[in-house]
Each structure stands twice: as structure tokens, then as C-alpha cells.
Colleague: 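Supplied in C-alpha cells, the structure appears directly below.
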Amino acid sequence: PLVRADATAGAASSVHVDPGLQQRLGIRLVEARVQTLEETTRAPLKLAFDERELVAEQTRVEGYVTRLHVRTAGTPVRRGQPIATVWSAMVAQAADEWRLLKARGREDLAEAAAERLRRLGVDPARLGERPGEFVVRASRDGVVEELGVSEGAMVSAGMPVARVRGTAVLWAIAEFREGEAQPEPG
């Protein structure tokens, strides 16, 4: 075979490349090691957030946005911070049922109604002042990358209200020309 991967139990894995193929392709194999570069090299640099840190904050029901708590993209948010208040007829019905059962002392049925609210993505303890209002909150610390709604806008189930980008990991991407910043083997 031209290329073969070797891995034995308890040993480090290695890759074998046929010597003839190495010569034809100009491949040089050297041992990887950490060392300090002694020359200064300048290169264009781009900062980028880790793509795995993006979260879409969305609703599980349809409704409309009654208030935006975050007005623009680029706004920093903390976990649990309100992004938007949404009113939904489906949540209003479930909230009315829960409040009625609580008022009548039917705790067993009230708990079932509370579970229905939780399945709709609404914490019964965090219902808004108006029946059917609930708050979409940031699920992580970060920066609002995109605000997908405005006040008065209709939202559907699964529609992103906002996209929040985590800022814990930041990548520095340098673009070197071929031959720059490569230590000589040996």
C-alpha cells in the first residue's frame, strides 16, 4: 500500500507513507516539537468566534413579539437575560388553565397544566403580567449575533428570535505566505 496507518494496543499510532510516493510528492517528514521562532513575521490576522458556540434562542409556539429587551446585534448578554417578550394564544390558554386549577386547589391537575406549560417552553413561575406572555431568555453568556425579530413581528414555533454567540473561545487566524513561519527541520 502507498499509505498505511499503524496502531497497536498501548503504542502511539503512526502513519507510513511509501518512500517512492514521498519523493514524487516532495513530502518531508520531521518530528513535531515546540520551539521559539527567532524572526519576526508579519501576516494578516482575522479574529473569529468558535462556530460551536452559536445558540439559536427560539420559541416552541407561535405568537407575536410584544417587547424587545435587546435592540441590536452586537449587544452583550448574560445567561438568563431577557431578549424578547412574546405573547401566544396557546400559552394564554395553558396559563389560564393552570391559574384556574391553582385557584381551585386542584394541585394534581395544576401540576399537569404546569407540565404542559413547560413543554411549550414556558416556566409557570415566569409567566408575564398578561396571560399568555412569556420571556425568551439568553441560554448562555455571549453577544447577540443576529436579532431575527422586531416588536410586533409574528414568530412561529422553532423560529430563531435571536442568535447568541458565546465568546469564551476566540480564534486568531493568521494567513502566511508559503515558506513563512516554518521552522527548518533538523
Side-chain angles (χ1 to χ4, degrees), residues 5 7 13 42-177 181:
S13 62
R42 295 181 184 265
L45 184 70
K46 178 173 75 171
L47 297 177
F49 291 110
D50 189 346
E51 289 297 318
R52 296 170 293 187
E53 299 284 320
L54 183 63
V55 175
E57 307 297 353
Q58 56 196 13
T59 69
R60 294 184 187 173
V61 294
E62 68 178 37
Y64 68 91
V65 177
T66 58
R67 181 171 177 218
L68 276 179
H69 301 277
V70 174
R71 296 280 178 188
T72 61
T75 303
V77 291
R78 306 288 299 170
R79 182 174 191 206
Q81 180 177 337
I83 295 175
T85 300
V86 176
W87 182 87
S88 167
M90 188 181 293
V91 172
Q93 180 185 11
D96 286 345
E97 179 182 359
W98 176 72
R99 287 182 176 131
L100 178 66
L101 291 168
K102 290 284 281 185
R104 291 192 175 168
R106 299 293 309 264
E107 292 302 319
D108 55 335
L109 294 176
E111 183 53 38
E115 180 60 27
R116 179 178 172 207
L117 282 166
R118 284 189 284 274
R119 289 179 188 261
L120 293 174
V122 178
D123 180 359
R126 290 191 162 179
L127 283 170
E129 296 171 10
R130 274 179 67 197
E133 260 189 354
F134 63 97
V135 177
V136 177
R137 298 178 182 274
S139 59
R140 65 169 313 125
D141 292 347
V143 174
V144 174
E145 184 173 274
E146 178 186 349
L147 198 56
V149 296
S150 58
E151 283 188 7
M154 292 294 297
V155 292
S156 57
M159 176 182 165
V161 173
R163 294 186 192 281
V164 176
R165 169 85 57 193
T167 57
V169 177
L170 185 66
W171 293 90
I173 303 168
E175 296 180 13
F176 294 99
R177 289 189 300 257

Colleague: What distance separates Leu120 CG from Thr59 OG1, expressed to the nearest 0.5 Å?
Modeller: 10.0 Å

Colleague: About how many Å separate CG of Leu101 and CG of Leu109, when rounded to the nearest 0.5 Å?
Modeller: 5.5 Å

Colleague: Using the test side-chain contact (heavy atoms from CB on, under 4.5 Å), find all partners of Arg163 that sit at least two apart in sequence or belong to another chain.
Modeller: Leu54, Ala56, Glu146, Pro160

Colleague: Which residue pairs pass the ring-ring contact (aromatic ring centres under 6.0 Å, His included) test with at least one member in residues 143-167, sequence neighbours excluded?
Modeller: none

Colleague: If you round to the nearest 0.5 Å, how far is CZ of Arg99 from CG of Leu117?
Modeller: 9.0 Å

Colleague: I'd like to check the salt bridge (charged side-chain N to carboxylate O under 4.0 Å, His left out) partners of Arg118; sequence neighbours left out, ordered by chain and number.
Modeller: Glu111, Glu115

Colleague: Looking at residues at least two apart in the chain, or sitting in another chain, which of them share a side-chain contact (heavy atoms from CB on, under 4.5 Å) with Ala92?
Modeller: Trp87

Colleague: For residues 150-158, which side-chain N or O atoms pair as donor and acceptor with protein atoms under 3.5 Å away, sequence neighbours left out?
Modeller:
| from | atom 1 | to | atom 2 | distance (Å) |
| --- | --- | --- | --- | --- |
| Glu151 | OE2 | Leu68 | N | 3.1 |
| Glu151 | OE2 | Arg71 | NH1 | 3.3 |
| Glu151 | OE2 | Arg71 | NH2 | 3.1 |

Colleague: Pairs in or reaching into residues 137-173: which pass ring-ring contact (aromatic ring centres under 6.0 Å, His included), with residues at least two apart or in two chains?
Modeller: none

Colleague: Do the non-hydrogen side-chain atoms of Val169 and Phe49 ever get within less than 4.5 Å of each other?
Modeller: no

Colleague: Applying side-chain hydrogen bond (donor to acceptor under 3.5 Å, both in side chains), can you list everything that pairs with Gln58, at least two apart in sequence or on another chain?
Modeller: none

Colleague: Taking ring-ring contact (aromatic ring centres under 6.0 Å, His included) as the cut-off, I'd like each qualifying pair that reaches into residues 97-119, sequence neighbours left out, listed once.
Modeller: none

Colleague: Glu133 vs Val86, test: side-chain contact (heavy atoms from CB on, under 4.5 Å). Steps then yes/no.
Modeller: CA-CA 6 Å; Glu133 260 189 354; Val86 176; over 6 Å; no

Colleague: Start with the C-alpha distance between Val70 and Val77, add both sets of side-chain angles, then the distance that settles side-chain contact (heavy atoms from CB on, under 4.5 Å), and finish with yes or no.
Modeller: CA-CA 9 Å; Val70 174; Val77 291; 4.0 Å; yes

Colleague: Excluding sequence neighbours, so at least two apart, what forms salt bridge (charged side-chain N to carboxylate O under 4.0 Å, His left out) with Arg52?
Modeller: Asp50

Colleague: Please name all residues satisfying side-chain hydrogen bond (donor to acceptor under 3.5 Å, both in side chains) with Gln81, sequence neighbours left out, ordered by chain then number.
Modeller: none

Colleague: State plainly whether the residues Arg116 and Glu97 are in salt-bridge range, i.e. N to O under 4.0 Å.
Modeller: yes

Colleague: Under 3.5 Å, which donor-acceptor pairs do the side chains of residues 134-145 form with other protein atoms, sequence neighbours left out?
Modeller:
| from | atom 1 | to | atom 2 | distance (Å) |
| --- | --- | --- | --- | --- |
| Arg137 | NH1 | Gly80 | O | 3.0 |
| Ser139 | OG | Glu57 | OE1 | 3.4 |
| Ser139 | OG | Glu57 | OE2 | 2.7 |
| Arg140 | NH2 | Glu53 | OE1 | 2.5 |
| Asp141 | OD1 | Arg79 | N | 2.6 |
| Glu145 | OE1 | Arg165 | NE | 2.8 |
| Glu145 | OE1 | Arg165 | NH2 | 2.8 |
| Glu145 | OE2 | Arg165 | NH2 | 3.2 |

Colleague: Considering residues at least two apart in sequence or located in another chain, which fulfil the side-chain contact (heavy atoms from CB on, under 4.5 Å) criterion with Ala48?
Modeller: Ile173

Colleague: Return yes if a side-chain donor-acceptor contact under 3.5 Å exists between Glu62 and Ser88, otherwise no.
Modeller: no

